[in-house]
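Each chain gets a letter, A, B and so on, in the order the sequences are listed, and its residues count up from 1.
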Amino acid sequence: MNKQHARTHYCGELTETHIGDTVTLCGWTHNRRDHGGLIFVDLWDKKGIVQVVLNPQIDQLAHQHAQSVRGNFVLRVTGKVRERPEGMINDKLSTGKVEVYIDDFEILNRSKTPPFSVWEDQEVSEAIRLKHRFLDLRGEMLQRNLNIRYQITRKVRETLDKQGFIEVETPMLTKSTPEGARDYLVPSRLNAKKFYALPQSPQLFKQLLMVSGMDRYFQIVKCFRDEDLRNDRQPEFTQIDMEMSFVTEEELFGLVEEMVCGLYKDILNIEVPKPFQILPYKDAIRKYGTDKPDLRFGLELIDLGDVVAGTSFKVFADVLKSGGQVRAINAKNSTETLSRKVLDDLTEVAKTYGAKGMAWIKINADGLQSPITKFFEQEMLDKLIAEVGGEAGDTIVFIADKPKVVADALAHLRLELGKILSLIDESKVCLAWVTEFPLVEYDEEDNRYVALHHPFTSPLQEDEDKFESAPGDIRARAYDLVLNGNEIGGGSIRIHTKEIQDKMFQLLGIDEEEARIKFGFLLDALQYGAPPHGGIAFGLDRITMLFTGADSIRDVIAFPKTQKATCLMTEAPSEVDLHQLKELKLKYDLS
RNA sequence: GGGGUCGUAGUUCAGUUGGUUAGAACGCUGGCCUGUCACGCCAGAGGUCGCGAGUUCGAGUCUCGUCGGCCCCGCCA
């Protein structure tokens, strides 16, 4: 008992090949079954579970000690691996053909009864699990997810290393950027009234590294954005961030495809075909209403503006008159599934995205069923149905509104219909590049153009003459990688000349002085031999979600935050001592 | 900022129209048990019904507020 044995094996690794060996195992008590004369303990570690047997005939003392063992106690045991007696094999365990007869038994630590059963299937409220995250992490799902997350970063590093990238760290305490998301601010003690910001991304630093001749940079790096959380959004998240000099879109796409296909092959053993589909932004919006379409199924959007032009149906006519659109989806073979109730629910979905309503026509075997057909002349109705390829069994759903509302509502209706009609093949992997995003977009509220991607994105060369005439029509050399309807990465070829960068700032309403204050260092750098360059950043958390099938980003992060951006375990954020504030020369505004 | 939903033993839940002492399962504690693996059997402990007001003779149940978890809109260059 006094002599400490070193661990020789992981619990989950023992197999028939170890029969006869004397082993020392360390782990947690997963379960115990005390038969009085004979005690079984299921010992757990990260590799799995093995049954250990305490028999007083083998070792009286060990058996006696084991009587006080409870769940989650930490044990070190030594004993001989034996084949299980006939009929005693447990098929549910990978170690189920063997068991370990213990002759040396030590309780390394006791455990309070945990607030929930770590290894049991029972669903426990997330709040309790988050408060005791260290216990939840002992569970199978999180062990697996974090393992896959690590496999992804390992493979990314391996691939990029082979391609000549080096990983460079960039500052966490940096400068606040005016555009984009809200910054997390850090007060500077040595510089009163001044603040650092935590990076929203290492964007500018990686561009500067290109000016420095690093040629190929990457970093797996935390980024911070002080915005509201979602299912797939945390205030701190991790990007796989890359930048390359003298690169073209084609070259970058090829490299990324290599990496992504490698991940699928290595981790999920799935062969994903290359190259990925390229889908210009304009086409994506036209066909799917979104820049991140789920391409695993059809249900494309159809524009009916021309067909219904001149209709007396006031809803459509008014929308068209004010520059809006009438678009539709033909849900094939859906009249049975899309009951009145389901259509009402879909209407609510449409309303969430700003639509005032959703019109529909069911093509039943015995004729049309619809609240709106009575407003149409037969001839227009025939044309309409022909246009959408309507046949018996189909349901046509319409949204009429401003183009943005129509696209938004129909994009989400399309996804809902895909789910309801079971059109989504979960085994499919559809990856596509969405390209040619608009460079800027007009912000009605602020009365100015804002960058769609970010202000350092290069315009398409052939559109450069539109800076004055039609800024909204300038296409960007920007691209997103979309996986089954999820944006998993995005990037661009950057502006590398001061002239174009100045034009861009001008377009965004950032005057010379402001540009100098905010981005002076970048503008300087661009004048000292900045190479053409471009890059991309991937959301590691989202990729891991998709690879693990996790329902929430919290399930792929070791210590995540709640929807109110708090940590239930550490109780961050918290109040601080007054003297800390004094040192920082900060005080509360109590108003 | 807004909408929705949930909150009752340690955990997951039930709790009728507002009515006696708030129940079950698992877990936990003690006892018995040499082949179990969701061991079994016997006994037991365990409750600020999230919190605060209000209505009522009486509130887990109704009303209002508030706190917290989750989902969504806005937001996320």
Side-chain angles (χ1 to χ4, degrees), chain A residues 30-43 49-58 63 67-68 70-72 82 84-93 95-96 99 101 111-132 135 177-183 200-201 203-204 223-235 237 348-349 351-355 408-409 412 437-441 443 445-446 449-457 476 478 487 490 492 504 508 510 537 539 551-552 554 561-564 566 568 571:
Chain A
H30 178 277
N31 194 12
R32 86 203 135 90
R33 291 172 294 281
D34 185 347
H35 288 232
L38 196 63
I39 301 172
F40 298 98
V41 174
D42 291 340
L43 201 62
I49 294 167
V50 69
Q51 170 165 285
V52 305
V53 186
L54 289 123
N55 187 328
Q57 285 158 10
I58 305 254
H63 176 263
Q67 285 173 340
S68 66
R70 295 294 180 270
N72 289 279
R82 294 199 189 172
R84 289 199 185 197
E86 237 182 280
M88 303 299 168
I89 287 169
N90 186 345
D91 293 330
K92 287 183 213 153
L93 295 181
T95 61
E99 55 192 1
Y101 282 70
S111 171
K112 288 170 68 175
T113 301
F116 56 92
S117 328
V118 173
W119 294 288
E120 220 170 285
D121 271 345
Q122 177 151 253
E123 276 189 32
V124 177
S125 83
E126 200 169 0
I128 290 164
R129 291 196 280 112
L130 286 175
K131 185 164 182 197
H132 305 272
L135 289 177
T177 48
E179 308 227 351
R182 203 174 286 118
D183 284 320
Q200 296 179 26
S201 85
Q203 181 61 37
L204 294 174
C223 302
F224 305 86
R225 294 178 190 174
D226 186 5
E227 297 294 344
D228 285 356
L229 290 84
R230 285 286 187 281
N231 189 25
D232 62 349
R233 263 166 39 192
Q234 286 267 310
F237 60 99
E348 289 308 310
V349 171
K351 283 182 179 170
T352 308
Y353 299 95
D408 243 20
H412 287 91
F437 282 82
L439 186 68
V440 293
E441 160 178 75
D443 185 324
E445 273 177 35
D446 283 8
Y449 284 101
V450 293
L452 201 78
H453 187 52
H454 57 51
F456 319 107
T457 299
E487 183 204 322
S492 59
M504 184 67 181
L508 298 174
I510 300 172
D551 296 326
S552 159
R554 294 182 298 281
K561 304 253 182 319
T562 68
Q563 193 163 47
K564 283 193 71 187
T566 67
L568 294 180
E571 295 183 323

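Remark: the backbone N or O of A:Arg182 is paired with a side-chain donor or acceptor of A:Glu227 at under 3.5 angstrom. No side-chain donor-acceptor contact under 3.5 Å links A:Arg32 to the backbone of A:Ile39. In this structure, the side chain of A:Arg225 engages the main chain of A:Gln200 through a donor-acceptor pair within 3.5 Å. For A:Gln234 (side chain) and A:Lys561 (main-chain N/O), a donor-acceptor pair under 3.5 Å exists by modelled atom type.
Taking the side chain of A:Ser552 as heavy atoms from C-beta on, and the options B:C71, B:U29, B:C73, the nearest nucleotide is B:C71. Taking only side-chain atoms of A:Gln203, from C-beta outward, the nucleotide of B:A77, B:U29, B:G74 with the closest atom is B:A77. Each of B:U11, B:G68, B:C71 was ranked by its minimum atom distance to the side chain of A:Val124; first place goes to B:U11. Considering only side-chain atoms of A:Thr566, the nucleotide from B:G74, B:G69, B:C28 that sits closest is B:G69. You'll find that the side chain of A:Pro85 is closest to B:G35, out of B:G1, B:G35, B:C37. For A:Pro115, taking side-chain heavy atoms from C-beta onward, the closest of the listed nucleotides B:U34, B:G10, B:C37 is B:G10. You'll find that the side chain of A:Glu120 is closest to B:C26, out of B:C26, B:A77, B:U34. For A:Pro455, the side-chain atoms get nearest to B:A77 when compared with the rest of B:G35, B:A77, B:C71. Nearest to the side chain of A:Gln51, among B:C37, B:C75, B:C70, sits B:C37. When distances are taken from the side chain of A:Ser125 to each of B:U36, B:C76, B:U12, the shortest belongs to B:U12.
With a cut-off of 3.5 Å on both Watson-Crick or G-U wobble distances, the partner of B:A25 is given as B:U11. When both distances must be under 3.5 Å, the Watson-Crick or G-U wobble mate of B:C64 is B:G52. In this entry B:A59 has no Watson-Crick or G-U wobble partner, no candidate having both defining distances under 3.5 Å. Judged by Watson-Crick or G-U wobble contacts below 3.5 Å, the nucleotide B:A77 has no partner. In this structure, B:A45 makes no Watson-Crick or G-U wobble pair, since no nucleotide meets both defining distances under 3.5 angstrom. Base pairing annotation: B:U5 forms a Watson-Crick or G-U wobble pair with B:G69, both donor-acceptor distances under 3.5 Å. Look at B:G18: it lacks any Watson-Crick or wobble partner with both distances under 3.5 angstrom.
Between A:Phe40 and A:His35, the ring-plane angle classifies as perpendicular under the 30° and 60° cut-offs.
Using a 4.0 Å cut-off, no side-chain N or O of A:Arg70 falls inside it from OP1 or OP2 of B:G27. Taking 4.0 angstrom as the limit, A:Asn231 places a side-chain polar atom (N or O) nearer than this to OP1 or OP2 of B:C71. Contact annotation: A:Lys92 side-chain N/O to B:A38 OP1/OP2 distance is under 4.0 Å. In terms of phosphate contacts, A:Arg554 brings no side-chain nitrogen or oxygen within less than 4.0 Å of OP1 or OP2 of B:G69. The phosphate of B:G68 has OP1 or OP2 within less than 4.0 Å of a side-chain N or O from A:Lys564.
No hydrogens or angles were tested; on distance alone, a donor-acceptor pair under 3.5 Å links the side chain of A:Tyr101 to the base of B:G35. Judged by distance alone with a 3.5 Å cut-off, no donor-acceptor contact links the side chain of A:Arg225 to the base of B:C76. Residue-to-nucleotide contacts include no donor-acceptor pair under 3.5 Å from the side chain of A:Glu123 to the base of B:U11. Between the base of B:G68 and the side chain of A:Gln563 there is no donor-acceptor pair shorter than 3.5 Å.
When every heavy atom of A:Leu135 is checked against every heavy atom of A:Phe116, the shortest pair comes out as CB-CZ, 3.9 Å.
Of the options A:Leu93, A:Asn90, A:Leu43, a side-chain contact (heavy atoms from CB on, under 4.5 Å) to A:Ile49 is made by A:Leu93 and by none of the others.
The aromatic ring of A:Phe40 stacks onto the base of B:U36, its centre lying under 5.5 Å from the centre of the six-membered base ring with the two planes under 30° apart.
Comparing the C1' positions of B:G69 and B:C64 gives an interatomic distance of 22 Å, to the nearest angstrom.
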